[in-house]
J.: 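Pasting a structure here, questions to come.
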Amino acid sequence: PSGGNAKYITLPYQSIIRLPSETDSVVALCVSSAYVPAREALDLARQLNTPFTSANILVIGGNAPSGLAAIELALLEGANVFTTADECHHEFLTKLGAKCFPIDPTKWLPSLQGKMDVVLDSVCVDGYE
């Protein structure tokens with residue numbers, strides 16, 4: 001991969017994620033498809049460019065690629081991260097530092113409703129009641 005016409009593109013520096021030159025192109029694609037949307041979502045939720053230190057962040061679908069990326073990025077900023085995922089993923093997500101809940105909203109919504117500073121939905125299921 002030569003980058004095509006990448007030398008002719010102009011982007012704000014905030015839109016660029018620098019990777020080591022030896023990074024495999026498939027790894028670079030994975031980073032761009034998972035971490036870029038997660039970072040953009042967190043940046044949209046951020047208030048006045050402040051870090052998420054001690055913020056309560058819920059990631060619905062924390063086992064999805066963009067959900068995992070959001071969890072990692074939020075934890076790096078010191079957030080309290082909560083996530084929903086199938087129970088078979090709970091052990092891994094807990095080791096990352098997230099507090100896990102089942103997928104079913106009736107199991108987590110009553111205890112978390114109104115307590116989150118940011119909610120990111122990587123599952124995109126409409127109609128939580």
Side-chain angles (χ1 to χ4, degrees):
S2 65
N5 291 318
K7 65 182 177 183
Y8 299 111
I9 194 164
T10 303
L11 292 170
Y13 75 93
Q14 301 94 334
S15 300
I16 298 172
I17 295 177
R18 182 179 293 268
L19 296 174
S21 60
E22 65 273 6
T23 302
D24 180 77
S25 58
V26 174
V27 172
L29 175 64
C30 291
V31 167
S32 67
S33 66
Y35 283 84
V36 170
R39 190 186 91 191
E40 288 176 352
L42 288 168
D43 285 346
L44 284 171
R46 189 180 315 281
Q47 296 179 5
L48 302 173
N49 294 322
T50 58
F52 287 115
T53 307
S54 299
N56 292 323
I57 297 179
L58 171 62
V59 179
I60 299 170
N63 58 302
S66 60
L68 283 168
I71 289 169
E72 287 186 55
L73 294 172
L75 287 169
L76 283 172
E77 290 194 42
N80 302 311
V81 179
F82 303 81
T83 189
T84 66
D86 191 50
E87 194 168 326
C88 66
H89 301 289
H90 285 197
E91 181 179 351
F92 174 76
L93 294 167
T94 299
K95 285 180 183 177
L96 285 179
K99 296 163 190 75
C100 297
F101 290 88
I103 294 172
D104 182 359
T106 62
K107 304 284 186 199
W108 54 264
L109 194 54
S111 62
L112 297 181
Q113 190 169 11
K115 297 177 183 171
M116 296 296 110
D117 299 302
V118 176
V119 177
L120 302 176
D121 185 356
S122 70
V123 176
C124 301
V125 175
D126 292 331
Y128 289 134
E129 296 177 10

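Keep in mind the model is a prediction, meaning the values are calculated, not measured. Hydrogens, waters and symmetry mates play no part in the numbers below; they use all other heavy atoms, side chains included.
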J.: Please answer whether the main-chain N or O of Pro102 pairs with a side-chain N or O of Thr84 as donor and acceptor at a distance below 3.5 Å.
T.: no
J.: To check you understand the geometry: which heavy-atom pair defines the closest contact between Ala41 and Leu120, and what is its length?
T.: CB-CD2, 3.8 Å
J.: Measure across Ala70 and Val59 and return the closest heavy-atom pair with its distance rounded to 0.1 Å.
T.: CB-CG2, 4.2 Å
J.: I need the Leu76 CG to Phe52 CZ distance, nearest 0.5 Å.
T.: 12.5 Å
J.: Quick one: pull up CG in Leu96 and CD in Glu91 and give me the separation to the nearest 0.5 Å.
T.: 11.5 Å
J.: Locate the shortest heavy-atom distance separating Thr106 from Pro110; write the atom from each residue and the value.
T.: O-CD, 3.4 Å
J.: Backbone N or O of Ile60 within a donor-acceptor pair of the Ser122 side chain at under 3.5 Å?
T.: yes
J.: State the OG1-CG distance between Thr83 and Leu58, to the nearest 0.5 angstrom.
T.: 7.0 Å
J.: Quick check: closest heavy atoms across Thr23 and Leu19, and the distance to 0.1 Å?
T.: OG1-CB, 3.7 Å
J.: If I compare all heavy atoms of Asn80 with all of Lys99, which pair ends up nearest, and what's the gap?
T.: CB-NZ, 4.3 Å
J.: Is a side-chain N or O of Asn63 found less than 3.5 angstrom from the main chain of Ala85, in a donor-acceptor match?
T.: no
J.: Just verifying a value: how many Å separate Ile103 CD1 and Asp86 CG, rounded to the nearest 0.5 Å?
T.: 4.5 Å
J.: Okay, side chain of Thr53, backbone of Gly78: is any donor-acceptor separation there less than 3.5 Å?
T.: no
J.: If only atom types and distance count, is the side chain of Asn56 paired as donor or acceptor with the main-chain N or O of Asp117 below 3.5 Å?
T.: no
J.: Can you get from Leu29 to Leu68 by hopping between Ile, Leu, Val, Met, Phe, Trp and Tyr side chains that sit under 4.5 Å apart?
T.: no
J.: Measuring from atom CD of Glu77 to atom CG of Leu42, what distance do you get when rounded to the nearest 0.5 angstrom?
T.: 7.0 Å
J.: Roughly how far, to the nearest 0.5 Å, is CZ of Phe101 from CG of Leu93?
T.: 12.5 Å
J.: Return the minimal non-hydrogen interatomic distance between Ala69 and Ala38, and the atom names on each side.
T.: CB-CB, 3.7 Å
